[in-house]
Protein chains: 2
Amino acid sequence: MNLSDFLHSLINLNTDELSDILSYFDKKVYEKNTILINEGEISHNLYFVENGMGRSYYLKKDGKEVTQWFFGSGKFMASADSFFQQTPSLYYLETLEKSVIYSISKVNLDHLFSKYHQMEQLGRLVSIEMLTKVVHKLNAIQFQTAKERYQYMLEEFPNISTRVPLGYIASYLGMTQETLSRIRR
Amino acid sequence: MNLSDFLHSLINLNTDELSDILSYFDKKVYEKNTILINEGEISHNLYFVENGMGRSYYLKKDGKEVTQWFFGSGKFMASADSFFQQTPSLYYLETLEKSVIYSISKVNLDHLFSKYHQMEQLGRLVSIEMLTKVVHKLNAIQFQTAKERYQYMLEEFPNISTRVPLGYIASYLGMTQETLSRIRR
DNA sequence: CTATTCCTTTGACATAAATCAAAAACCAAC
DNA sequence: GTTGGTTTTTGATTTATGTCAAAGGAATAG
């Protein structure tokens with residue numbers, strides 16, 4: 001899904017407003033496994049995935065990667081706390097496939113928020129959607145057994161299992177690759 | 001913290017705007033252990049805790065309560081998905097102490113969002129803050145050991161351990177009361 | 001088509017946390 | 001203070017999941 005359609009689906013904009021807003025975004029193709037943010041950096045950009053797939057992940061002291069989130073087509077992608085609070089990122093952000101991605105700087109986004117009431121509305125709607133999804137995941141991890149968690153995953157990210165390594169999914173669900181492998185059987 | 005101060009701390013409002021906004025809120029005192037929303041109901045109100053303490057909790061099939069969130073003074077309190085998406089709530093919402101609480105209906109809140117750009121901004125800021133906090137908890141539960149999780153808890157909700165039963169805190173952290181008791185030792 | 005690398009599954013064993021049960025500590029009302 | 005009820009701690013045992021190690025499959029590049 002492209003950015004323009006996405007914006008239209010959530011807020012009302014006339015042609016001039018839309019093209020003004022789009023002019024602040026930068027569209028670019030990234031190769032597979034491109035790092036967009038390193039841990040410790042302050043994230044200055046918000047991304048929108050038009051096509052492809054990304055993930056955020058955390059590196060534990062023992063060197064193990066833990067996937068925190070997957071970002072598919074038609075979703076905003078960010079190290080949320082770092083971008084919004086301008087604090088050092090706890091996560092890495094990377095592409096998992098060759099991806100078409102829009103980006104916008106914090107400064108420009110804030111400018112759009114104050115310029116257009118509808119953009120502010122968009123920001124609110126998108127934040128709430130992310131919040132709902134994170135709560136949903138939290139519930140899965142906190143209340144449910146390993147099996148149910150895998151079910152949740154299939155609903156939230158259909159067909160993901162064919163696109164990313166099993167280990168990424170396992171760590172996203174808070175279990176080891178071996179456990180997930182046994183569950184699927 | 002009262003609502004008026006809270007609003008001022010996040011957005012700019014003149015006296016007229018402020019009093020108009022406040023007029024949509026309803027201030028009330030609730031006794032300890034008052035249920036504000038039952039599981040299965042669609043939540044029509046958003047709450048703001050001026051004073052006191054609330055929590056949301058989930059009831060598992062085996063009848064065990066799992067605390068999902070605590071809401072202290074100066075925080076908005078809601079069954080987020082139910083209120084914002086107008087879907088049946090997965091949680092119960094209750095007061096844990098005698099509390100002074102403001103409430104506003106979804107209809108009135110939406111009205112304020114469209115009437116005032118700043119209210120839309122407030123909605124965005126509050127949503128992002130909630131998102132950040134939920135992500136923080138998710139990290140604690142997903143990445144950290146039981147001990148570290150308890151540490152996170154003390155940071156996020158200082159002095160909570162003197163105000164609510166241990167079992168509530170344990171389930172919030174995704175562990176049993178016995179485990180938490182052993183950890184604290 | 002073959003070789004190298006990466007990814008997934010399987011097995012044996014270790015461990016953190018859950019469960020069940022009871023005792024101890026704490027608190028409130030009388 | 002004594003009583004009754006609630007909350008917290010402690011102990012013994014079970015269980016789910018993690019860890020380590022190796023084998024089996026699948027994918028990619030040359």
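As a basis for the values below, the full set of heavy atoms in this structure was taken, side chains included, without hydrogen atoms, waters or symmetry mates. Per chain, numbering begins at 1; letters A, B, ... match sequence-line order.
- Comparing dT9(C), dC20(D), dT19(C) by their nearest atom to the side chain of E178(B) picks out dT19(C).
- One can place NZ of K60(A) at 9 Å from P of dG18(D), the figure rounded to the nearest angstrom.
- Remark: P of dT17(D) and CD of Q144(A) are 13 Å apart, rounded to the nearest angstrom.
- Contact annotation for R182(A): base contact, defined as any heavy-atom pair under 4.0 Å involving a base atom.
- A cation-pi arrangement is absent between R55(A) and F71(A) under the rule of less than 6.0 angstrom and at most 45 degrees off the ring axis.
- For the pair I169(B) CD1 and dT8(D) P, the interatomic distance rounds to 8 Å; values are reported in whole Å.
- Counting non-hydrogen atoms under 4.0 angstrom, R185(A) reaches the backbone sugars and phosphates but no base.
- A salt bridge does not link E97(B) to K32(B): none of the charged nitrogens lies less than 4.0 Å from a carboxylate oxygen.
- The nearest whole Å value for the distance from the CG atom in L166(B) to the P atom in dT7(D) is 11 Å.
- In this structure, L180(A) places its CG atom 15 Å from P of dT19(D), rounding to the nearest Å.
- Salt-bridge formation is not detected for the pair E50(B)/K28(B): no Lys NZ or Arg NE/NH1/NH2 atom is positioned less than 4.0 Å from an Asp or Glu carboxylate oxygen.
- Checked for salt-bridge contact, E156(A) and K133(A) meet the test: a charged N lies under 4.0 Å from a carboxylate O.
- Listed pair T179(B) / dA18(C) meets the phosphate criterion, a side-chain N or O lying under 4.0 Å from OP1 or OP2.
- Atom pair Q177(A):CD and dG11(C):P shows a separation of 16 Å (rounding to whole Å applied).
- dT6(D) atom C1' lies 12 Å from atom OH of Y168(B), rounded to whole Å.
- Spacing between atom CD of Q142(B) and atom P of dT17(D) amounts to 15 Å, rounded to whole angstrom units.
- Geometric assessment of K64(A) against the ring of Y57(A) yields a negative cation-pi assignment under the 6.0 Å and 45° thresholds.
- Taking side-chain N and O atoms only, T176(A) has a distance below 4.0 Å to OP1 or OP2 of dG18(D).
- For dG18(D), the OP1/OP2 oxygens have no side-chain nitrogen or oxygen of K64(A) closer than 4.0 Å.
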